Amino acid sequence: MEIAVIGNSEFILGFRLAGINRIYAADTLEKLVMHITHVLEDPEVGILVLSSHDMARVPQRLQITLEESVQPTVIALGEEEGGISMRERIKRSVGVDLWK
Amino acid sequence: MALKDIKPTRSELINIKKKIKLSQNGYKILKMKRDGLILEFFKVLGQAKDSRGALLVKYARAQEMMAIANTVEGSIKVKAAALSVQEKPDITLRNKNVMGVVVPKIDSNKVRKGIADRGYGILGTSPVMDEVATSFEELVEAIIESAEIETTMKRLLNEIEGTKRRVNALEFKVIPELSEARDFIKMRLDEMEREELFRLKRIKARNES
């Protein structure tokens with residue numbers, strides 16, 4: 001299986017240098033959503049890498065799909081933006097702030 | 001279920017008793033599931049904290065190195081070098097089941113490459129390019145590790161939240177309401193029995209006099 005990276009051209013270039021073939025340049029929101037939907041349906045992709053900024057930009061419904069997806073597993077790079085942070089999520093589920 | 005909707009009959013009482021037993025069993029099982037999930041979650045929590053931190057550090061370093069390479073070599077040269085890399089990292093993704101929660105298990109190889117395997121010419125590029133490639137390879141390694149742990153965490157947390165809601169609903173809503181209905185039917189049935197007894201006694205008294 002392969003790793004796919006979606007983002008602006010600066011973001012994806014470095015990953016190409018690490019040997020990742022499936023890089024998709026998406027400068028507009030429409031392109032971003034299109035590429036994400038395309039990659040989610042691809043059975044050959046194991047991990048999908050996005051920047052946190054892009055993750056926060058996509059529609060809510062797609063964000064939920066991305067967060068719940070196991071194959072491909074989605075990971076957002078960079079400081080968490082928008083949505084609920086991991087800390088908040090833990091606080092809500094377990095009842096105690098364990099992320100210290 | 002409002003009390004006024006309940007029919008005070010014996011069959012209803014038996015039904016409600018059955019429901020209470022079922023709810024109590026479900027409650028016990030769900031409570032055990034919740035505790036089990038929390039235990040699993042604690043196992044992943046430590047790893048997740050470390051991996052997220054490491055990932056952010058590596059991402060920042062990779063970006064910094066890329067900026068340096070763009071300055072030193074020029075963006076066209078960096079692009080050309082990037083496009084010549086052929087060997088791609090290979091990952092295997094399997095699904096693991098943790099108490100009914102499907103989580104990914106990722107194995108990887110060929111992420112780190114030697115300078116000679118990267119595909120771009122060593123003579124035509126400066127060591128900065130190698131540094132960038134190395135930093136991005138390290139980043140990809142961290143991503144692979146993090147992806148598994150973070151997704152596991154998120155899914156476990158979602159499941160814990162859902163199970164907690166169900167446990168609480170059973171404990172504070174379903175079981176108390178059913179118990180209330182059971183007590184109400186019992187009370188009504190006893191009341192009816194007493195009325196019946198009283199009526200019989202009165203009839204008997206009237207017949208005797």
Side-chain angles (χ1 to χ4, degrees), chain A residues 1-5 7 9-23 25 42-53 55 63-64 66-80 83-100, chain B residues 38 41-42 45 48-49 52 55-56 59 62-63 65-66 69-70 75 78-79 81-83 85-93 95 102-104 106 108 110-111 113 117-120 129 132-133 135-140 143-144 146-148 150-151 153-161 164:
Chain A
M1 280 186 152
E2 290 178 52
I3 302 173
V5 186
S9 40
E10 267 174 50
F11 179 74
I12 58 175
L13 184 64
F15 290 99
R16 182 72 193 82
L17 204 55
I20 295 171
N21 273 337
R22 284 177 193 254
I23 51 170
D42 193 336
E44 267 305 299
V45 176
I47 300 176
L48 168 60
V49 185
L50 292 167
S51 76
S52 314
H53 177 67
M55 185 79 158
Q63 241 178 63
I64 294 170
L66 288 174
E67 276 179 11
E68 303 209 326
S69 165
V70 173
Q71 192 171 349
T73 301
V74 182
I75 185 153
L77 275 186
E79 292 289 341
E80 281 176 300
I84 320 163
S85 68
M86 194 58 98
R87 189 181 198 143
E88 209 39 52
R89 215 186 268 254
I90 294 173
K91 232 171 158 179
R92 216 171 63 181
S93 308
V94 188
V96 193
D97 187 9
L98 295 164
W99 194 265
K100 277 180 187 165
Chain B
I38 290 178
F41 165 75
F42 271 108
L45 180 69
K49 273 193 227 168
R52 185 82 211 172
L55 183 68
L56 285 178
Y59 180 49
Q63 275 185 320
M65 287 313 299
M66 185 51 112
N70 273 333
S75 60
V78 176
K79 255 183 207 166
L83 289 172
V85 180
Q86 289 303 326
E87 200 155 332
K88 54 187 179 187
D90 193 29
I91 55 167
T92 334
L93 187 112
N95 289 343
V102 181
V103 295
I106 306 168
S108 65
K110 287 197 279 186
V111 177
K113 291 181 273 289
D117 302 327
R118 282 186 184 142
Y120 55 80
M129 198 67 83
V132 184
S135 62
F136 268 94
E137 281 163 13
E138 279 171 8
L139 178 64
V140 170
I143 286 175
I144 294 169
S146 250
E148 181 186 323
E150 263 192 35
T151 314
M153 276 266 285
K154 277 183 192 164
R155 292 189 70 91
L156 278 178
L157 281 173
N158 280 347
E159 191 66 21
I160 289 174
E161 208 181 325
K164 212 171 92 178

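Naming convention: chains lettered A, B, ... in sequence-line order (proteins, then strands); numbering from 1 in each chain. In this text, all values refer to a predicted model and were calculated from it rather than measured experimentally.
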**Message:** Under 4.5 Å from any heavy atom of chain B, what part of A:Val94 do you find: side chain, backbone, both or neither?
**Reply:**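 Both the backbone and the side chain of A:Val94 come within 4.5 Å of chain B.
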Pairwise distance [atom1]([X]) to [atom2]([Y]) - rounded to 0.5 angstrom:
X        : Y        : atom1 : atom2 : result
A:Ser93  : B:Leu157 : OG    : CG    : 4.5 Å
B:Asn158 : A:Arg92  : CG    : CZ    : 8.0 Å
B:Leu83  : A:Ile23  : CG    : CD1   : 7.0 Å
A:Leu77  : B:Ile143 : CG    : CD1   : 4.5 Å
A:Ile90  : B:Glu161 : CD1   : CD    : 12.0 Å
B:Thr92  : A:Met1   : OG1   : CE    : 9.0 Å

Exercise: identify the closest heavy-atom pair between [X] and [Y]:
X        : Y        : result
A:Ile75  : B:Ser146 : CD1-CB, 3.5 Å
B:Pro89  : A:Ile20  : CG-CG1, 4.0 Å
A:Val70  : B:Leu93  : O-CD2, 3.8 Å
B:Val140 : A:Ala18  : CG2-CB, 3.9 Å

[X] portion near chain A, given a 4.5 angstrom heavy-atom threshold:
X        : answer
B:Ala48  : both
B:Lys164 : side chain
B:Ala62  : neither
B:Met153 : side chain

**Message:** Run the side-chain contact (heavy atoms from CB on, under 4.5 Å) test on B:Glu148 and A:Thr73 for me, step by step, so that the C-alpha distance in whole Å, both residues' side-chain angles and the decisive distance to 0.1 Å come before the verdict.
**Reply:** CA-CA 7 Å; B:Glu148 181 186 323; A:Thr73 301; over 6 Å; no
**Request:** Identify which of A:Gly19, A:Gly46, A:Ser69, A:Pro72 forms the greatest number of heavy-atom pairs closer than 4.5 Å to chain B.
**Result:** A:Gly19
**Asked** Does A:Glu67 offer a backbone N or O that forms a donor-acceptor pair with the side chain of B:Lys154 under 3.5 Å?
**Response** no
**Message:** Could you tell me if the side chain of A:Ile3 sits less than 4.5 Å from the side chain of B:Ile144, heavy atoms only?
**Reply:**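 In contact.
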